[in-house]
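Read through the structure below, which is laid out as structure tokens, and then see the notes.
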Amino acid sequence: TIEGETPSAADVTPAATAEVKAVEEGEQGFISLPKADDTSTTTATTNNNNNNQNDRGHSWDQTSQKVVVRNVLKYIRHKEITKLTTSWLVGHEDKIQILKAKKPPKDNWIKVTLADESQVNPFIELINKGGKDGEAMVNGRGKPLRATRADAFLHNDRNDGNGDRKRKDRGGDDKGGNQSKQMRRSDNRPPIRILSKEEVRDAITPLWKLTYEEQLDSKAREMSMKCAAKIVKEIKGKFRILEREAKRGQRKGTVKLYDWMQEKNAITMAPPVPSPQKYEYRNKCEFTVGYRLVAPAEGKEENEVKEEDDAMKVEDAKVDKPTNGSKDGEKDAEMKEGEVKAEESTNESTTEKEEDKAVEFTKIPAAGFLAQGWSGGVYHPHILQNMPDWSCGICDIINEFLPTSTMPPYDSKVHRGVWRTVTLRCSLRTREIMVIVQHAPPKGGVGALEDGSDDYSKVFEGEKERLVGMLTKGVIPATKRDYPEDHVVDEKRKEEEEAKEGLKVTSIFFQEFGGVSHPGPDHPVQHVFGKKSLEENLGKCTFQISPGAFFQTNTEGAEVLYNIVVERIKEVTKDPKDTLLLDVCCGTGTIGLTCLKEEVVGKLVGVDISEPAIKDAEINATKNGYTEPSTTRFIASAAEKILPETMKDLPRHVPIVAVVDPARDGLHNAVIKSLRANEGIQRLVYVSCNPTATLVRDAGMLCSPPTKKYPGRPFKPTMSQPVDMFPLTKHCEMVMTFDRMSEEEFEKSTTE
């Protein structure tokens with residue numbers, strides 16, 4: 001770009017945008033340096049290297065402004081990089097300005113980006129000849145530094161030259177591998193094809209080929225090796241850090257390894273508790289709206305369900321379909337008809353004939369699961385054993401609607417289209433079904449076209465009304481399932497279900513979301529039909545569930561899970577009526593209210609970040625007979641913000657038991673600090689849905705020796721109970737019990 005001009009959107013590539021953002025905001029590994037006073041605006045300049053410019057395909061390439069300085073010390077603290085690069089410029093600050101500097105860990109070079117290309121040669125000369133007696137500057141060990149242009153450095157790297165860093169062959173072209181990441185990714189991507197039923201099951205329910213006993217054995221090994229063993233390793237790592245600090249004089253005294261950690265099986269892992277229901281157990285299903293791929297007639301796959309019927313519906317929809325006033329008629333008609341032809345060229349083939357052959361797929365709008373990414377299309381849930389019949393029946397209704405809709409599915413690549421996801425929640429006990437339809441803004445979202453050809457606001461309300469009518473027409477129709485040959489149907493359960501009244505949709509919500517990822521649990525929804533919540537019976541309690549509130553996806557499994565929590569709490573409550581339960585990440589209050597109903601505690605304080613969930617929890621407390629504020633109290637706030645103050649307000653003389661049931665991200669550091677600091681909490685029950693990752697991290701902080709950041713006597717794990725809430729998948733829930741170490745135990749491990 002010409003200096004002083006603002007580049008157009010077409011000139012700015014994602015790579016350039018990311019580079020500019022790194023300068024403005026600072027990224028890990030980048031040091032943003034202060035700019036010298038300059039009244040003129042510094043803009044990115046064009047790379048003079050024509051080959052490099054052609055390879056990159058844009059004019060915002062800053063390679064020509066970059067210099068690589070080699071032979072720096074390998075191990076430099078992040079904060080020291082700024083001091084080092086600033087020291088090189090002493091006396092030359094008015095002539096040379098460094099915008100940013102980057103040093104990869106354990107490498108002996110730093111890449112600096114200068115304000116202008118004209119400063120590159122003076123900077124190289126300064127490094128190579130600016131030292132003592134006109135020689136090169138030296139590093140901290142007296143060895144000479146060497147500066148070269150970054151484009152030459154990268155050229156050597158990519159051609160296996162003398163650069164310090166060797167890049168792996170990424171399938172680059174004959175120009176030195178200067179292809180963009182996106183091009184390399186697309187080149188290496190396997191050809192798009194229609195997966196078989198077995199492949200879809202492998203992707204979504206990977207343990208479906210194993211017997212249930214084999215599934216439990218697999219999960220038992222996983223929990224032992226990747227949870228229990230990793231926790232012990234994590235805690236031992238904390239001890240090693242403290243030992244090093246003591247040797248350096250940064251810490252007084254030493255801490256011996258706890259006695260319980262020196263045992264052969266430091267953490268006892270019980271066998272996984274089986275799920276009461278092995279198949280069709282999910283009470284919540286989320287389907288992605290996209291396109292179902294249909295192969296040419298000569299190559300149809302066996303797992304294509306009702307392919308010819310769907311194709312007929314698409315043809316019929318062409319005749320009487322309303323329009324939305326789009327300017328681009330041909331393009332809009334293609335999206336409305338839902339019959340978009342896509343050519344996917346294969347990347348690698350066994351023969352030259354196959355290599356040159358392009359496979360054509362007909363793309364039919366549909367809802368289902370993404371078994372191989374967005375480009376691979378969606379697949380029907382009917383072949384999955386964990387999907388219940390009612391979810392497949394509603395999916396059939398959605399898939400009857402989508403091919404005839406005047407609005408296309410949302411495309412996450414270009415961020416255009418309307419229909420995004422359909423979330424279903426159901427209670428077989430109360431015979432209620434909730435449907436949440438998520439869509440992009442009808443006028444167009446992030447990738448809206450400037451000509452307004454993807455503005456569907458005129459037809460949106462009509463299409464919404466038509467979909468609601470189809471969903472609420474009557475009882476959910478029976479659907480044909482496509483199970484594996486060895487699938488065993490629970491005849492008794494099936495007969496009991498058939499004897500009950502047919503399921504109907506009892507509430508429908510629409511949710512508009514224009515973002516590029518996923519909305520948070522508090523994102524607003526629009527109620528369009530029926531009840532405003534769903535009711536579920538769990539154990540002795542009744543719970544109200546809002547659209548965004550968390551609730552376990554396996555109802556019968558949740559009862560087993562909560563009974564284990566109740567037993568763990570019951571073991572330490574000598575006087576239940578006076579015992580207070582602190583329920584962190586309480587959601588709709590299911591665990592806390594279950595403990596109250598089972599009379600293992602007498603008071604409850606619940607904390608959760610989701611405001612709708614806390615409103616549900618307050619209603620649930622009333623539904624289950626707890627109306628006194630002195631008995632139940634729920635707080636809508638991030639636990640890390642409110643918990644420290646909440647802990648201070650808790651009465652000191654009252655025995656406290658804590659339960660935490662965090663999301664997959666685990667607990668915030670401030671929550672762990674508060675739990676450790678309050679030594680009135682003698683038992684902590686941790687319910688984890690991510691036991692091989694965040695539970696390991698959190699257990700390490702709960703059980704490590706006290707520090708300034710994490711004061712208080714540590715906990716120790718005394719019981720670990722996996723619960724299989726997700727048969728046919730690799731996931732497993734974990735209930736881990738932590739008890740506070742006694743003073744005698746703790747003092748034994750501490751020496752002055």
Side-chain angles (χ1 to χ4, degrees), residues 15-16 18-20 22-24 26-36 38 42 44-49 52 56 60-167 176-178:
E19 197 158 16
V20 173
V23 179
E24 294 175 345
E27 294 181 352
Q28 186 175 3
F30 285 86
I31 300 296
S32 298
L33 301 174
K35 300 178 183 179
D38 192 354
T42 303
T45 57
T46 307
N47 189 348
N48 290 330
N49 187 329
N52 197 32
R56 291 181 176 267
W60 262 46
D61 184 11
Q62 291 184 315
T63 305
S64 59
Q65 297 167 230
K66 296 177 182 178
V67 175
V68 175
V69 180
R70 287 186 270 191
N71 294 336
V72 298
L73 298 181
K74 283 187 178 182
Y75 302 100
I76 302 177
R77 290 184 179 180
H78 189 67
K79 297 178 181 178
E80 299 297 322
I81 298 176
T82 306
K83 294 180 182 179
L84 177 63
T85 54
T86 303
S87 68
W88 294 339
L89 301 182
V90 174
H92 300 81
E93 295 90 342
D94 56 334
K95 298 178 182 178
I96 303 174
Q97 302 158 26
I98 296 178
L99 296 181
K100 63 182 179 182
K102 176 186 177 182
K103 181 190 179 301
K106 299 182 182 180
D107 271 331
N108 66 343
W109 55 270
I110 292 178
K111 181 167 65 177
V112 298
T113 303
L114 303 171
D116 192 82
E117 187 180 358
S118 61
Q119 300 175 14
V120 170
N121 288 333
F123 180 74
I124 293 175
E125 188 172 354
L126 176 65
I127 298 296
N128 293 341
K129 298 181 180 179
K132 189 177 180 181
D133 298 329
E135 296 192 2
M137 291 185 177
V138 295
N139 62 22
R141 296 180 180 174
K143 293 186 178 180
L145 302 175
R146 185 159 62 92
T148 57
R149 297 182 73 98
D151 45 13
F153 174 76
L154 294 175
H155 179 77
N156 287 337
D157 250 2
R158 289 167 178 160
N159 290 282
D160 289 330
N162 296 322
D164 293 328
R165 179 180 54 171
K166 304 295 183 186
R167 294 190 179 182
N178 279 347

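No hydrogens, no waters, no symmetry mates; every other heavy atom, side chains included, goes into these values.
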Problem set entry | Stepwise side chain to side chain contact (heavy atoms under 4.5 Å, CB included) test for L145 and W88 | CA-CA 11 Å; L145 302 175; W88 294 339; 3.8 Å; yes
For this session: Measure from the side-chain N and O atoms of D116 to the backbone N and O of S118, and report whether any donor-acceptor pair falls under 3.5 Å.
Result: yes
Problem set entry | Closest heavy-atom pair and its distance - T86, T82 | OG1-O, 2.7 Å
Seminar exercise, completed: Separation between CD1 (I96) and OG1 (T85), nearest 0.5 Å, reads 12.0 Å
Exercise. So which heavy atom on A101 is nearest to which on I81, and how close?
Worked result: CB-CG2, 4.1 Å
Exercise. Atom CZ of R146 and atom CD1 of I127: how far apart are they, to the nearest 0.5 Å?
Worked result: 13.0 Å
Problem set entry | N/O donor-acceptor pair under 3.5 Å between N139 side chain and L73 backbone | no
For this session: Taking all non-hydrogen atoms of both residues into account, name the closest pair between I76 and L84 and its distance.
Result: CD1-CD2, 3.9 Å
Seminar exercise, completed: Interatomic distance, CG@N128 vs OG1@T148, rounded to 0.5 Å, equals 8.5 Å
Exercise. Within a strict 4.5 Å, meaning less than it, do heavy atoms of the I124 and K129 side chains meet?
Worked result: no
Problem set entry | Heavy-atom side-chain contact between V120 and S64 under 4.5 Å | no
Exercise. To the nearest 0.5 Å, how far apart are NE2 in H92 and CD in Q119?
Worked result: 12.5 Å
Seminar exercise, completed: Closest non-hydrogen contact found for Q97 with E93 is CG-O, 4.2 Å
Problem set entry | Heavy-atom side-chain contact between M137 and L126 under 4.5 Å | yes
Exercise. Once you round to the nearest 0.5 Å, how far does NZ of K100 lie from CD of Q65?
Worked result: 9.5 Å
Exercise. How long is the span from the CZ atom in R149 to the CZ atom in F123, to the nearest 0.5 Å?
Worked result: 12.5 Å
Problem set entry | Short side-chain to backbone donor-acceptor contact, K83 and S87, under 3.5 Å | no
